[in-house]
Chemist: 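Structure incoming, see below.
Excluded from the calculations below are hydrogen atoms, water molecules and symmetry mates; all remaining heavy atoms, backbone and side chain alike, are included. All residue numbers refer to positions in the sequence shown, counting from 1.
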Amino acid sequence: MSIFGTVLTIYVLNFADTTTDIMLEKSVESNITRFLYDNPDYDEETDEPQDKYVLYYTLRNEYKHQLWVDLDQIPQVVQDAFVYTEDERFYAHDGVDFKSTFAAFVNAFLPNRARRGGSTITQQTIKNLTGDDAVSGVQGIERKIREVFRAINVEKTYTKDDILEAYLNVVPQGTSKYDIIGVQSAANFYFGKDISELDLAEAACLAGMNNAPSANNPIDNIKNNNIRRKYCLDHMYKAGAIDSQEYEDALNEPLEIAGNFDYSSETIYDGELEDQGMTDWYLDAAILEARQRIASERGITTDEAAELISNGGFTIYTCVDIDMQHEIEKKMQDASNFTTWYMDPADDTLWSAFVCMDYKGNVKAVCGSRSEKDEILGWNQAVNGARSPGSCIKPIASYAPALDQDLITMTSSYNDKPIKLNGKDWPVNYSEFDASQGNWSYKNFYTYQMLLKSLNTMPAQLIDQLTPSYSYNFLKSKLDITNLLDTDNDYAPLTVGAFGYGLHLDELVGAYMIFGNGGKKYEKSYIYKIEDAAGKVIYEKTDGYKQAVSDSTAYIMNRMMQYVINDKEGTGRYAKLKKTDLVGKTGTSEKWRDLNFVGCTPDYVSGIWVGYNENNEDGEPRSVSSTDYQNIGAIWKNIFGDIAESEPHKSFDEEGCFPMPDTVVKLNFCTSTGLIATDRCGSQQVGYFKASNVPGYCYH
């Protein structure tokens, strides 16, 4: 026996360290997950705090209800009903009733005997919070031992009021259909009242059914509930908590059962319980990001996080500009913003996607299709799709890294000629009319000229100088491009965007933010904060960033890309705005299968893609016709131009935008040599150079 006692003692003590993992602070999940956005009309000085956010959308589990209520709002009669029914020695013991617990141990080894719970309110609270509820066999014994040590420690850490409050908020009170948790939800559902309004009979009804709610609730089985109501009142009367008259009145009082949630003690946002209809493209993207954030925070899969969100209990704050979102969706559905002539909608099968964000990576609007949305969490081309960025890859994969490494300046001279790749001359310069020829001019052009003409030869030469590995790692580690394949570490993908899988439009647009904010790469995000049901922040976007390139590199790239828009030969000239600065880049993939434009205005970086999701008669990916559809720059302008022009900032040099940093000098250069101009130079032009890497002076 002594050996057995020693072994048993060691066995039990092995669980003694399972004592500090129970938190009784407010932590519940309601049946609603709310998506909010910042109220654009909110005035901090005059408006009420609740007006700061506007309800965007709710996801709810209509079968689950859980609300938290503080103990001082729960009537004493409700507290007494549960205490005297479940644990009449609650205020006297230290968390464990050892006599009843020992009986429960015996029962675990004798499965043919009637079950005895032996759990105090403290132990029940722990079981409900942890879900650790094994009943029989070794698992039942181990669970009970863990529960004992946890209960003892909880009693040392928290007051009896803390424990009772937690208990009353996590106690199961459901029916066979509804998962109702806590006395506040139960009062709302069964009686259509706030918990503060319950009388003795109603309190006994809830407390009495607690041992088996699905069998003893007043909706599924009023007879059982009446028996259990009497059981509760008997214990209260015996303990002196109520007198005989109160006992008789409560026992005979007919219960008025509501059995619905027409009444709720929860704070309801305007329109929250109305039919919300279809989600928009932004909400879908926000839901997907919320799944990832919660999965990461909880250490679970995204599928498990999706279930948590749909079950309710989170408040998710989005970055959306709701007016912009609505306007973009409206414009994307207007065929005249794309086509050059009226087309039968059945023939107009061109796809498109659009993304806009600010210079801290906060996505303001997104649209995944030209069609009206008809499916929640369906395919979103802007987020889920991956297509070739074409020449939009050049600023971020070749020009910016080379400029950052001082391999080039704005006026470095390069010859429009191919490199040798696998023994062949490569790459060709795309022509809409003849892509089979090289189209090389063998003329010298300055860097900014190569960029505005979108010639492929200089980027190929730069990738050759940088090495593909450098450019590949730059995209991956500095610009957060996530879906690169190992085979993309090569010339074609990094020079002309011929990626094996393609890039997501929102990541491509996000990469361009560095050209409007001083080279800073912020995390792209559709949401900026997530709170659980207790109001605890489980995710909040920070102002942290990576310095992808220097501020001087970013500014010079910005100034070079203005030529893409403003020069008469610039490939993005059709996107030019009347009042607002715009810099950017067009991107066309092989055989005009993908057309892209990414533009930076003083307030936003945005991008659009168009292409087909179908093949032509030859089984090849279908090309976009320039006779049927407008220039990609013009399409971008049709969709976003009015919005960009309506913003307060018109120039990058304005305060709060991207004025020229001290690390950049503005000097005239000689248009004949690309060197810094002197009095001898007849033709001069303004240029921007790093103060640490200024070309020599021209003495031509």
Chemist: Looking at Asp284 and Lys373, does any basic side-chain N land under 4.0 Å from a carboxylate oxygen?
Modeler: yes

Chemist: Does the plane of the ring in Phe669 sit parallel, tilted or perpendicular to the ring in Phe689? Use 30° and 60° as the thresholds.
Modeler: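 Ring orientation of Phe669 relative to Phe689: perpendicular.
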
Chemist: Is the Lys NZ or Arg CZ of Lys417 less than 6.0 Å from the centre of Tyr442's six-membered ring, within 45° of the axis?
Modeler: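 Here Lys417 fails the 6.0 Å and 45° test against Tyr442.
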
Chemist: Between Trp440 and Thr457, is any side-chain donor less than 3.5 angstrom from a side-chain acceptor?
Modeler: no

Chemist: Considering only NZ, NE, NH1 and NH2 on the basic side and carboxylate oxygens on the acidic side, decide whether Lys650 and Asp581 come within less than 4.0 Å.
Modeler: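 Between Asp581 and Lys650 there is no salt bridge, as every charged N stays at least 4.0 Å from the carboxylate O atoms.
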
Chemist: List the residues meeting ring-ring contact (aromatic ring centres under 6.0 Å, His included) with Tyr629, not counting sequence neighbours, and say none if there are none.
Modeler: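 Partners of Tyr629 by the ring-ring contact (aromatic ring centres under 6.0 Å, His included) criterion come out as none, since no residue qualifies.
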
Chemist: Look at Asp480 together with Lys521 and state whether they make a salt bridge at an N to O cut-off of under 4.0 Å.
Modeler: yes

Chemist: What do the steps show when you test Ser388 against Asp594 for side chain to side chain donor-acceptor pair (under 3.5 Å), and what is the final call?
Modeler: CA-CA 6 Å; Ser388 169; Asp594 301 278; 4.7 Å; no

Chemist: With a 4.0 Å cut-off on N to O distance, would you call Lys453 and Asp567 a salt bridge?
Modeler: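 So Lys453 does not pair with Asp567 through a salt bridge.
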
Chemist: Between CG of Asn566 and CG of Leu582, what distance do you get to the nearest 0.5 Å?
Modeler: 8.0 Å

Chemist: What do you reckon, are the aromatic ring centroids of Phe658 and Phe652 less than 6.0 Å apart?
Modeler: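 They do not qualify: ring centres at least 6.0 Å apart.
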
Chemist: Do Gln630 and Tyr574 have a side chain donor and acceptor closer than 3.5 Å?
Modeler: no

Chemist: Could you tell me whether Glu297 and Arg293 make a salt bridge, using a distance below 4.0 angstrom between a side-chain N and a carboxylate O?
Modeler: no

Chemist: Between Lys394 (side chain only) and Gly497 (backbone N and O only), is there a donor and an acceptor less than 3.5 Å apart?
Modeler: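 Between the backbone of Gly497 and the side chain of Lys394 there is no qualifying donor-acceptor contact (under 3.5 Å).
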
Chemist: Just how far is it from atom CE of Met660 to atom CG of Asp551, taken to the nearest 0.5 Å?
Modeler: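 Atom-to-atom, Met660:CE and Asp551:CG are 11.0 Å apart.
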
Chemist: According to ring-ring contact (aromatic ring centres under 6.0 Å, His included), who are the partners of Tyr526, at least two apart in sequence or on a separate chain?
Modeler: Tyr282

Chemist: Is any NZ, NE, NH1 or NH2 atom of the basic residue among Glu289 and Arg291 found under 4.0 Å from an Asp or Glu carboxylate oxygen of the other?
Modeler: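 No salt bridge links Glu289 with Arg291.
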
